[in-house]
Amino acid sequence: LQRETLKSDLDSKLNIIFQNYGVELEQVQQLYEKQKSDPPIPRNLPPVAGNITWSRHLLKRIEEPMKQFESNQNVLDGQGARRIIRTYNKLARTLVAFEYLWHQAWVQSIDQAKSGLQATLIIRHPENGKLY
């Protein structure tokens, strides 16, 4: 009898924590929308790495609690849980897509840099033979 009451009490507490996690998800989503065009980048990082790092920090901020909630099925079956899970999935997809876009832009810039590195720097003038 005592264990059942304890279990139900813990489940109710976990449901409250899960609802607070839903609020946290909405805050992270608002933060992403507000800062996605100009995210805060640490001083020592180049822009591409800074944007990817920012995205990964937000993703880690929402992933770690969800991993804990996945172990307790009662929480995920509760009321409002589907909305929170949908918000989590949407936000995680968005953050991964943001990272992927920055990575692809970086890859394309590398291709442009390669062509610049392969350009001839010194040429000989055909008439006077001087190097330029």
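Being a predicted model, the structure only gives us computed values, none of them experimental.
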### Query
Is any side-chain heavy atom of L14 less than 4.5 Å from a side-chain heavy atom of N74?
no
### Step-by-step side-chain contact (heavy atoms from CB on, under 4.5 Å) determination, N15 to Q19
CA-CA 6 Å; N15 283 327; Q19 296 303 319; 5.5 Å; no
### Task
Verify the cluster assignment for L101 and L59: are they in a single hydrophobic cluster under the rule of side-chain heavy atoms below 4.5 Å apart?
no
### Message
A side-chain contact here means heavy atoms from C-beta on lying under 4.5 Å apart; do L31 and R61 qualify?
### Response
yes
### Query
With distance as the sole test, does Y21 use its side chain to make a donor-acceptor pair with the main-chain N or O of I62 at under 3.5 Å?
yes
### Query
Is the side chain of D9 donor-acceptor paired with the backbone N or O of T5 at a distance under 3.5 Å, no angle test?
no
### Task
Check the hydrophobic clustering (I, L, V, M, F, W, Y; side-chain heavy atoms under 4.5 Å; chains of links allowed) and say if L131 and L121 are grouped together.
yes
### Query
Same cluster for V96 and L25 if Ile/Leu/Val/Met/Phe/Trp/Tyr side chains link at under 4.5 Å?
yes
### Query
In terms of ring plane angle, is the pair W54 and F98 parallel, tilted or perpendicular, where the classes change at 30° and 60°?
perpendicular
### Query
Cluster question for you: counting only ILVMFWY and a side-chain heavy-atom cut-off of under 4.5 Å, with indirect links fine, are I17 and L10 together?
no
### Spacing of CG belonging to D111 relative to CD belonging to Q108, to within rounding of 0.5 Å
7.5 Å
### Query
Any idea how F18 and F69 line up, ring-wise: parallel (<30°), tilted (30 to 60°), or perpendicular (>60°)?
perpendicular
### Query
Between H125 and E127, which heavy-atom pair has the shortest distance, and what is it?
ND1-N, 3.1 Å
### Query
Taking C-beta and beyond as the side chain, do N72 and L76 meet within less than 4.5 Å on heavy atoms?
no
#### Entry: I16 reachable from V75 in the ILVMFWY side-chain graph, under 4.5 Å edges
no
### Message
If we ignore hydrogens and angles and just use 3.5 Å, is the side chain of T87 paired with the main-chain N or O of R83 as donor and acceptor?
### Response
yes
